[in-house]
Amino acid sequence: MAKDMVLVPHDKPYRYEEGNYTVTRGSAWSAPGCHLGCGVLMYVNKETGKIEKVEGDPENPYNGGRLCARCLATPNAVNSPHRIQYPMVRDGERGEDKWRRVGWDEALDIIAERFNSIKAEYGAEAVTFWEGTGRDISPWISRLAWSFDSPNFGPSLNGLACYGPRVYGCAVISGSFWVGDYSQQFADRYDNPEWKCPGCILVWGNNPIVANSDGALGHWVIDCLQRGSKLIVVDPRVTWLATRADVYLQVRPGTDAALAMAMANAMIEEGLFDEEFVEDWTYGFEAYAEHVKHYTPEAIAPVCWVEAEDIRRAARMFAEADGGLLQWGVALDQKEEAISTCQTISSLLMLTGNFDNPGGMIKPPEVLMYLNGWGEELLSPQQAAKKLGPNKYPFYSTAVIVASAECMIEAMETSEPYPIKAAWIQTTNLLSCMGVDPERTLKAFQSLDFIVMVDPFKNPTMMALADVVLPTTMYPERNGIRCGDGCQRLETINQALEPMLDVKSDMQINLELGRRLNPEAWPWDTVEEMFGAIYGTVGYSYEEAREAAPGYMPFEYYKYKTGKLRPDGQPGFNTPTGRLEFWSNTMVGFGLDPMPYYTEPSPGPVTTPDLYEEFPLVLTTGARRWNTFHAENRENPTLRRLHPEPAVQVHPSVAEQIGISEGEWVWIAGPKGLTGEVARCRRVVEVTEAISPGVVSTDHGWWHPEGKPEELYDVMELNVNKLMPWGCGKSGIGANYKCLLCRIEKMTEEEQAAAKAKELLRKNLGNGR
Ligand SMILES: Nc1nc2c(c(=O)[nH]1)N[C@H]1C(S)=C(S)[C@@H](COP(=O)(O)OP(=O)(O)OC[C@H]3O[C@@H](n4cnc5c(=O)[nH]c(N)nc54)[C@H](O)[C@@H]3O)O[C@H]1N2
Ligand SMILES: Nc1nc2c(c(=O)[nH]1)N[C@H]1C(S)=C(S)[C@@H](COP(=O)(O)OP(=O)(O)OC[C@H]3O[C@@H](n4cnc5c(=O)[nH]c(N)nc54)[C@H](O)[C@@H]3O)O[C@H]1N2
Ligand code: SF4
Ligand SMILES: [Mo]
C-alpha cells in the first residue's frame, strides 16, 4: 500500500533532551494495562536512568494532552519494588511462594522441551494459550499458539463476554462492527469540514469517562456535549454523565433488550423512524415491527423499572437527532443472551439510518488488521478442526476465531473430547478477575501438568498455578506497535528507558520461544525487524513509522452507497441480502433465532420469585473505577489510595433497612445460578444516592497484594465472581457477570475485626490511606 496517510507534524524528533531529562514521545500501552494507547511524553532522568514522570502529548490528536490517573502513575508502576525481578521456576508445591531464579535461556528451553513433549504425546491441542483483555499483547500470543499448531487460544472469559457480543451482534445484522463518530479518524479532529457533531449521543451500559473503553476516549463525549450534542444515558447507576443527560433511564440490570425493543416500538408506532433508509437499505422490517408490537413503552416500563414517558422521550430524541451516536459498553455483553441484546440496540441504528454518516456510526479503516489475532494461516486445517468451542457451540466454528474458555476448562475436567495438559497464561490473572467461578477454574487448572505465566507482578493465579514465571516489561521499557480495537491510526509504542530488572518484553519473549518451537514462523532476529515486517504492509519502515506517528488513513463516509463495504463491490452492506438485516440470515445459518429476543435474567426477580425473596437485591458487578484496570494496580500506592478496598454501592434506603453504614465490612451472598449453592465475598459499604434502590453494584478483580501468598492473597474471600453461574448464551457468546441476585449480610464482630485488621495491615505497609 502506498503511503497515503495524513501525518501530524512534530516540532521535535521522537526523542529529545529537556533539562535534566531525556523525553521520549510514544503511546501508552501495557503493562500496566489499558486499551487505548493515549499519546504520552515519558521523562527519564539522565543521571539515574529512571522514569520520573509521564505527561499527555498535546500534539497527539487522540487525547490532546489529556491523561488519566493510571498513566500519570506509570513511574510508580515501573519503579515498583513489587515487580518480579527475574525468570523463576517453582521450587516447592503449587500455592507456595518458593521459587528458583533461572536464566532466560534455561527458562525458555524448559518450556520448549515440555510443550514439545506434550505435543508429541497428546497433540498440540493439549497445550492451551490464555490471554486476558489482550492489551496490545494479543497478536503475539495468537501467533505463538497457532504457530505451535494449537487451536486452543482465547481469553479466559466465559462467553467472550467483553466486546465479542457487541461485535457479533453488529456483524450478524450488518456484516461489520461500527463505532461512534467523534472525528477520531481525522488528524484535524473536530475542525475537519466533513465531520458533523452528533445530534444525540446514546450512552448505554457504558461509563466512558471512567473506562475509556474500546478505542473511545471518554472525554470525546464531553467535547461533543460542549459542541451541542444531546445526551441519553441508560445505566442503573447515576454516573457523572447521567447527571448531564437530557434523558436518563435508570434501568434494571439485564433488561436492556426489552428496553431497546420498547424504544423501537415507540419509533415505529409514532412514525419517527427513517422510512426511506429502512425501505432502501434494510431487510425484515415488517417482521421486526410485528415482533416488537407488544413491547410498548407502557408494557415494558415496569419490566425495566423506568417510566414509559422517559422511554418515549429517549426514542424521540434519538430518532429526531441529526446524527445519532451509540456509545455502548460491556454491560450489554455481560448477560447470557448478549448477542440478542446487541441486535436489539443495533436495530435502533437501523431505524434511524445511523450508519456510515457524519456524527453517527462509522467503520473506520484499520491500519493494521489484527483485532482477531495474528498468524491464523499458520494453524493447519487438521488442528483448526480440533478447536474447543464448535463442539458445543456451532457459532464458534467460523464466526469466532478464538477457542471457548468454557469448553477448554470443561475439557480439563473431563478429558473430553481430548485431554488438556498445559497452559500458557499471558496478560490474565484469571482467578482474580476474568473467569466466572474461580474455585472451579482453580481446580481445573490444578489438573494440568505444566503451566507458564508471563506477567510483571506476582498475583493469585501465579501463586496457585504457575510452574515457570517469565517477568515482562512495562510499556516505557519496550518498543511496540499500535494494534487492537479502534485501530484507525498509525501509532508506535516507544521505549524510553532500559529496564533495571532481568525482564523482557512480551514480544521478545514470544519471539524467542516461537523461534524455538517453530523457527519458520518467526523468521526475525529482533522484535524491531518483526514490527518492520508489519509496518511494511502500510508502506513504512519501523523507524519511519516511529518518527511519523500518529498517521491517519484516508476516510470516507457512506461507503455502503459506493460499494466499498462489500467484497463484490456492489452497493449495500456485507450481509447475505446486502441490506442491514432486522431478520438475520447469518443467525439462521448457525441454527440460531434470526430475530433478537428478550429473556429475563435467571435467577432474577421475575424468573425465580422464591430466590428473589431470599436474595432481594439485583447485583451488578465490575463498574470501572478510575484507579484500577481490572485486577491490576492494587500494589501502586498512589492509585490504591484513591479506592483502597472493594466496595459495594448501596442506596441509603437499603442501608438503613439492613442497618449497615458507610465503611462497614459486610458479606455479599448470592445464589450461584440455579445450582442451589450460595457463595459470598466480603465488601466495604459505600452508601450512595447514585444507585437504583433495588440494585447494588460491586467492584470486580479484587485481591490483596499485601496478603499472604499461601492464602492466595485473599482472593477467594474477595472475588465476586464466586457468585457467578457457569455457562453462557445459546450461541456460546455472552455470560452473566452483571445481572445477578444477592443479599447483604452483616458480619459477626469477629469477622468485622478480622477484616479491619487486614485493612490496618495495608495501611501499615503504606498501601493506601
Ligand atoms: N465480576 C466481573 N468480572 C469481570 C468483569 C466485570 O465487569 N465483572 N469484567 C470482565 C472483563 S470485560 C474483562 S476484559 C476481564 C479482564 O480480565 P484480565 O484481562 O484477566 O485482567 P487482570 O485480572 O487485571 O489480569 C491482567 C494481568 O495481566 C498483567 N499484565 C498487564 N499488562 C501486561 C503486559 O503488558 N504483559 C503481560 N504479560 N502481562 C500484563 C497484569 O499484571 C495482570 O496480572 O475481566 C472480566 N471480569
Ligand atoms: N479504569 C478502568 N478502565 C477500564 C477497565 C478497568 O478495569 N478500569 N476495563 C476495560 C475493559 S476490559 C472494558 S470491557 C471496559 C468496560 O467499560 P464499560 O463498558 O464502561 O463497563 P462498566 O464500567 O463495567 O459498566 C458500564 C456501566 O454499565 C452500568 N451497568 C451495569 N449493569 C448494567 C446493565 O445491566 N444494563 C445497563 N444498561 N447498564 C449497566 C454500570 O453501572 C456502569 O456505569 O473498560 C475498560 N476500561
Ligand atoms: S485511557 Fe487513561 S490509562 Fe488508558 S492510555 Fe489513556 S490516559 Fe492512559
Ligand atoms: Mo473487557
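For the single chain, residues carry numbers from 1 onward in sequence order. Read the numbers this way: they start at 1 and go in the same order the structure lists the ligands and their atoms.
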Note, [X] side chain near [Y] side chain (heavy atom, < 4.5 Å):
X: Asn479; Y: Phe531; value: yes
X: Lys672; Y: Leu723; value: no
X: Phe457; Y: Asn429; value: no
X: Trp726; Y: Glu406; value: yes

Indicate whether the side chain of [X] and that of [Y] have a donor and an acceptor atom separated by less than 3.5 Å.
X: Asp502; Y: Trp104; value: yes
X: Ser432; Y: Asn459; value: no
X: Thr74; Y: Tyr475; value: yes
X: Thr24; Y: Asn494; value: no

Going by the atom numbers of ligand 2, which of them fall below 4.0 Å from some non-hydrogen atom of [X]?
X: Arg625; value: 1 (N), 2 (C), 8 (N)
X: Val210; value: 1 (N), 3 (N)
X: Gly205; value: 19 (O), 26 (C), 27 (C), 28 (O), 37 (C), 38 (N), 39 (N)
X: Arg70; value: 1 (N), 2 (C), 3 (N)
X: Trp204; value: 38 (N)
X: Pro253; value: 34 (C), 35 (O)
X: Thr239; value: 44 (O)

### Message
Could you check whether Arg252 pairs with Glu600 (Lys NZ or Arg NE/NH1/NH2 to Asp/Glu carboxylate O, under 4.0 Å)?
### Response
yes
### Query
Would one find more than 12 heavy atoms of other residues, nucleotides or ligands at under 6.0 Å from atom CD of Glu307?
no
### Task
Verify ring-ring contact (aromatic ring centres under 6.0 Å, His included) between Phe318 and Trp204, making sure each step is shown before the conclusion.
CA-CA 13 Å; Phe318 196 71; Trp204 200 320; 9.1 Å; no
#### Entry: Check against salt bridge (Lys or Arg N to Asp or Glu O under 4.0 Å), Lys738 and Asp256
CA-CA 12 Å; Lys738 281 202 193 323; Asp256 300 276; over 6 Å; no
### Query
Does Arg252 have a heavy atom less than 4.0 Å from any atom of ligand 2?
no
### Task
Taking salt bridge (Lys or Arg N to Asp or Glu O under 4.0 Å) as the test, write out the residues that go with Glu632, two or more places apart.
Arg135
### Message
For residues 617-628, which residue pairs pass the side-chain hydrogen bond (donor to acceptor under 3.5 Å, both in side chains) check, not counting sequence neighbours?
### Response
Arg625-His643, Arg625-Glu686, Arg625-Asp699
### Query
Got the residues with a heavy atom under 4.0 Å of ligand 1, by chain and number?
Ser30, Ala31, Gly132, Thr133, Arg135, Ile137, Leu157, Cys162, Val330, Gln334, Gln426, Thr427, Thr428, Asn429, Cys433, Met434, Val454, Asp455, Pro456, Asn459, Thr472, Asp506, Thr621, Gly622, Arg624, Phe629, His630, Ala631, Glu632, His700, Val720, Asn721, Met724, Tyr737, Lys738
Checking the N or O distance criterion of under 3.5 Å, is ligand 2 in contact with [X]?
X: Gly254; answer: yes
X: Asn212; answer: no
X: Arg237; answer: yes

### Message
Testing Arg640, Lys458, Arg634 one by one against Glu706 for a salt bridge (Lys or Arg N to Asp or Glu O under 4.0 Å), which residue passes?
### Response
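Only match with Glu706 under salt bridge (Lys or Arg N to Asp or Glu O under 4.0 Å): Arg640.
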### Query
Between Asn207 and ligand 2, which residue portion shows a heavy-atom distance shorter than 4.0 Å: side chain, backbone, both, or neither?
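Asn207 to ligand 2: contacts from backbone and side chain alike.
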### Message
Please give me the protein atoms (N, O or S only) lying under 2.8 Å from atom 8 (Fe) of ligand 3, ordered by chain and number.
### Response
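Listed by chain and number, the nearby protein N, O or S atoms are Cys71 SG.
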